[in-house]
Amino acid sequence: MVVRCSAVSETVTTAPPPAPPPRERGLTRRTWTLIVSFLVVAILGTAGGFVQVPYVALGPGPTYDVLSKVKDADVVSVDGQDTFPTGGTLRMTTVSLTDDVSLFGALGLWLSGRYALAPREEFFKPGESEEQVQKNNELAFSESQTSAEVAALHYLKYPGMVIANQVTKGSPADNVIPLGARIISVNGKQVQSAADVSAALENTKPGDRIEVAFEKDGTSQSTQLTLGTRDDGRPAGFIGISPVDRADVPFKIKISLSDVGGPSAGLIFALAIVDKLTPGELNGGKAIAGTGEITGDGTVKPIGGIAFKMVAAKEAGAEAFLVPSANCNDAKQQAPDGLKLIKVENLSDAVSSLEALNSGKETPSC
């Protein structure tokens, strides 16, 4: 039996294979660039705000009227001597120094146009601490006060004396001339100033015997010394004392001003002393400022930061500014508009220039 089979056609639907799980997409190059850029900016910002740079910032500092009071005390006072009224203002000027300067801080100070940057090593010696620098500045300030007193009283014709300020260990004077002794004569020549000591030794040589007269605690003494050899190579003999000028007066001058360092206020202090010990107003009631280191004989020496000091003086209302002659070239190029510059070489110049200014006469200018 033949069985006939008929073919049956069926449509079969085949299901597609399951799709793979979605693949996690990574950050794009652009995103990475933004992230890295942000991190770089953040790191630089942190470094710029906290990392100290090896520079200091210099700018105009405070000014002080030395004819007035600070913290209820006269800046310049005289005890034991009649004084005369003063008027106007006589300002000493300063430079501010900022040591802790960050990268961004330095940039901001420089862009302000009011400050200048200078290498830190110009103000801080290698290994020297901030405390040591401050101590040296305070010492220089103290010495400037003494020089100002000596210069002012010398100008006013008060008597002076010479003191052995230091005695070199192992020198001919060591254990012979006491520290602080008043030097009366050297090698037979009377001593009126510190310069007289060097002059008295000018024609001597090591090995010479000389006589030195001095006074200590009211007792006068005389001693013979054998001169030694100088370290600086000069042929003159060597005693071993550092003579300094001091005023020999029965009254006391006191300068009361703290938180200030350096020697550049000497000229202004000397003028204040002269003003208080002489009749009339030395500045004619005007607003005067200035700067300058001064020596005991009244010589005015150059200082640093003249541009900043002139700015500070002008902002404080000064009409005229006393400039050491050696600073004149810089001063005339950087002086603020309206500030009259007066060139001085010594204390006598400064006094006569102020007198001329008050009389409407011409004054030496830079």
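Every heavy atom of this structure was used, including side-chain atoms; hydrogens, water molecules and symmetry mates were not. For reference, positions follow the sequence shown, starting with 1. None of these values were measured; they are calculated from a predicted model.
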(message) More than 12 heavy atoms of other residues, nucleotides or ligands under 6.0 Å from CD of Glu362: yes or no?
(response) no

(message) Less than 4.5 Å apart, side chain to side chain, heavy atoms only: is that true for Thr278 and Leu282?
(response) no

(request) Side-chain contact test, heavy atoms from C-beta onward, threshold under 4.5 Å: evaluate it for Phe123 versus Val56 and give yes or no. (result) yes

(request) For Val76 and Ala272, work out which heavy atoms get closest and say how close. (result) CG2-CB, 4.0 Å

(message) For Leu354, is there any backbone N or O sitting under 3.5 Å from a side-chain donor or acceptor partner on Asn358?
(response) yes

(request) Would you check if Asn327 and Pro324 make a side-chain contact, meaning some heavy-atom pair closer than 4.5 Å? (result) yes

(request) Could you pull out the closest heavy-atom pair between Ala173 and Ile241, with the gap in Å? (result) CB-CG2, 3.7 Å

(message) Once side-chain contact (heavy atoms from CB on, under 4.5 Å) is applied, do any residues pair with Val70, and if so which ones, sequence neighbours excluded?
(response) Tyr64, Val75, Leu257

(request) Compare every heavy atom of Thr93 with every heavy atom of Gly290, then report the nearest pair and how far apart it is. (result) O-OG1, 3.2 Å

(request) Give the cluster check for Ile184 versus Val249: same hydrophobic cluster or not, with ILVMFWY residues linked at side-chain heavy-atom distances below 4.5 Å. (result) no

(message) Counting only heavy atoms from other residues, nucleotides and ligands, does the tally under 6.0 Å from CG of Asp79 exceed 12?
(response) no

(request) Please list all pairs passing the disulfide bond (SG atoms under 2.5 Å apart) test where one or both residues lie in residues 171-237, with sequence neighbours left out. (result) none

(message) Could you tell me if the side chain of Gln81 sits less than 4.5 Å from the side chain of Leu277, heavy atoms only?
(response) yes

(request) Return yes if some donor-acceptor pair links the side-chain N/O of Gln334 with the main-chain N/O of Asp330 below 3.5 Å, else return no. (result) yes

(request) Decide yes or no for Thr63 and Thr94: does some side-chain heavy atom of the first lie under 4.5 Å from some side-chain heavy atom of the second? (result) no

(request) Taking side-chain contact (heavy atoms from CB on, under 4.5 Å) as the test, write out the residues that go with Glu202, two or more places apart. (result) none

(message) My understanding is that only residues two or more places apart in sequence, or in another chain, count here; which of them pass side-chain hydrogen bond (donor to acceptor under 3.5 Å, both in side chains) with Asp248?
(response) Arg182

(request) Classify the side-chain pair Asp297/Thr295 by whether it contains a donor and acceptor separated by less than 3.5 Å. (result) yes

(request) Report the residues that fulfil side-chain contact (heavy atoms from CB on, under 4.5 Å) with Pro178, sequence neighbours left out, ordered by chain and then residue number. (result) Ala181, Phe214, Lys216

(message) Could you see if Met161 belongs to whatever hydrophobic cluster contains Val244? Use Ile, Leu, Val, Met, Phe, Trp, Tyr and a side-chain cutoff under 4.5 Å.
(response) yes

(request) Kindly write out the residues that satisfy side-chain contact (heavy atoms from CB on, under 4.5 Å) with Gln132, not counting sequence neighbours, or none if the list is empty. (result) Glu128, Ser129

(request) State, with a plain yes or no, whether a side-chain heavy atom of Pro206 is found less than 4.5 Å away from one of Phe238. (result) no

(request) Mind checking salt bridge (Lys or Arg N to Asp or Glu O under 4.0 Å) for Lys252 and listing every partner two or more places apart, or none if nothing turns up? (result) none

(message) Please find the pair of heavy atoms, one from Pro243 and one from Val162, that lie closest to each other, and give the distance.
(response) CB-CG1, 3.6 Å

(message) Determine whether a donor-acceptor pair (N or O, by modelled atom type, separation under 3.5 Å) exists between the side chain of Asn346 and the backbone of Val300.
(response) no

(request) With the side chain counted from C-beta on, respond yes when Leu201 and Leu227 share a heavy-atom pair under 4.5 Å apart, and no when they do not. (result) yes

(message) A quick test of your reading: do over 12 heavy atoms of other residues, nucleotides or ligands sit less than 6.0 Å from NZ of Lys340?
(response) yes

(message) With a 4.5 Å cut-off on side-chain heavy-atom distances among I, L, V, M, F, W and Y, is there a chain of contacts connecting Val95 to Leu267?
(response) no

(request) Could you check if a side-chain atom of Thr291 sits within less than 4.5 angstrom of a side-chain atom of Ser264, using non-hydrogen atoms only? (result) yes

(request) Taking the six-membered ring for Trp and the full ring for Phe, Tyr or His, determine whether the centres of Phe269 and Phe141 are under 6.0 Å apart. (result) yes

(message) Treating Ser171 as the side-chain partner and Thr168 as the backbone partner, does any N or O pair qualify as donor plus acceptor under 3.5 Å?
(response) yes

(message) Please enumerate all residues that pass salt bridge (Lys or Arg N to Asp or Glu O under 4.0 Å) together with Asp196, with sequence neighbours excluded.
(response) none

(message) Any donor-acceptor pair under 3.5 Å linking the side-chain atoms of Thr86 with those of Glu281?
(response) no

(request) Answer yes if the side chains of Gln134 and Glu138 hold a donor-acceptor pair under 3.5 Å, and no otherwise. (result) yes

(request) Work out which heavy atom in Lys189 is nearest to a heavy atom in Ala199; give both atom names and the distance. (result) NZ-O, 4.2 Å

(message) Any salt bridge linking Asp74 with Lys69? Criterion: basic side-chain nitrogen under 4.0 Å from a carboxylate oxygen.
(response) yes

(request) Applying salt bridge (Lys or Arg N to Asp or Glu O under 4.0 Å), name anything that partners Glu315, two or more places apart in sequence or on another chain. (result) Arg114

(message) Side-chain heavy atoms nearer than 4.5 Å, only ILVMFWY residues, links allowed to pass through others: does that put Phe251 and Tyr155 together?
(response) yes

(request) Would you mind listing every disulfide bond (SG atoms under 2.5 Å apart) that reaches into residues 323-366, with sequence neighbours excluded? (result) Cys328-Cys366

(request) Measure across Val274 and Ala152 and return the closest heavy-atom pair with its distance rounded to 0.1 Å. (result) CG2-CB, 3.9 Å

(request) Considering only Ile, Leu, Val, Met, Phe, Trp and Tyr, and joining two whenever side-chain heavy atoms are under 4.5 Å apart, list the other residues clustered with Phe321. (result) Ile303, Ile306, Met310, Val323, Leu339, Leu341

(request) For Lys205, enumerate each residue passing the salt bridge (Lys or Arg N to Asp or Glu O under 4.0 Å) test, keeping only those at least two apart in sequence or located in another chain. (result) Asp208

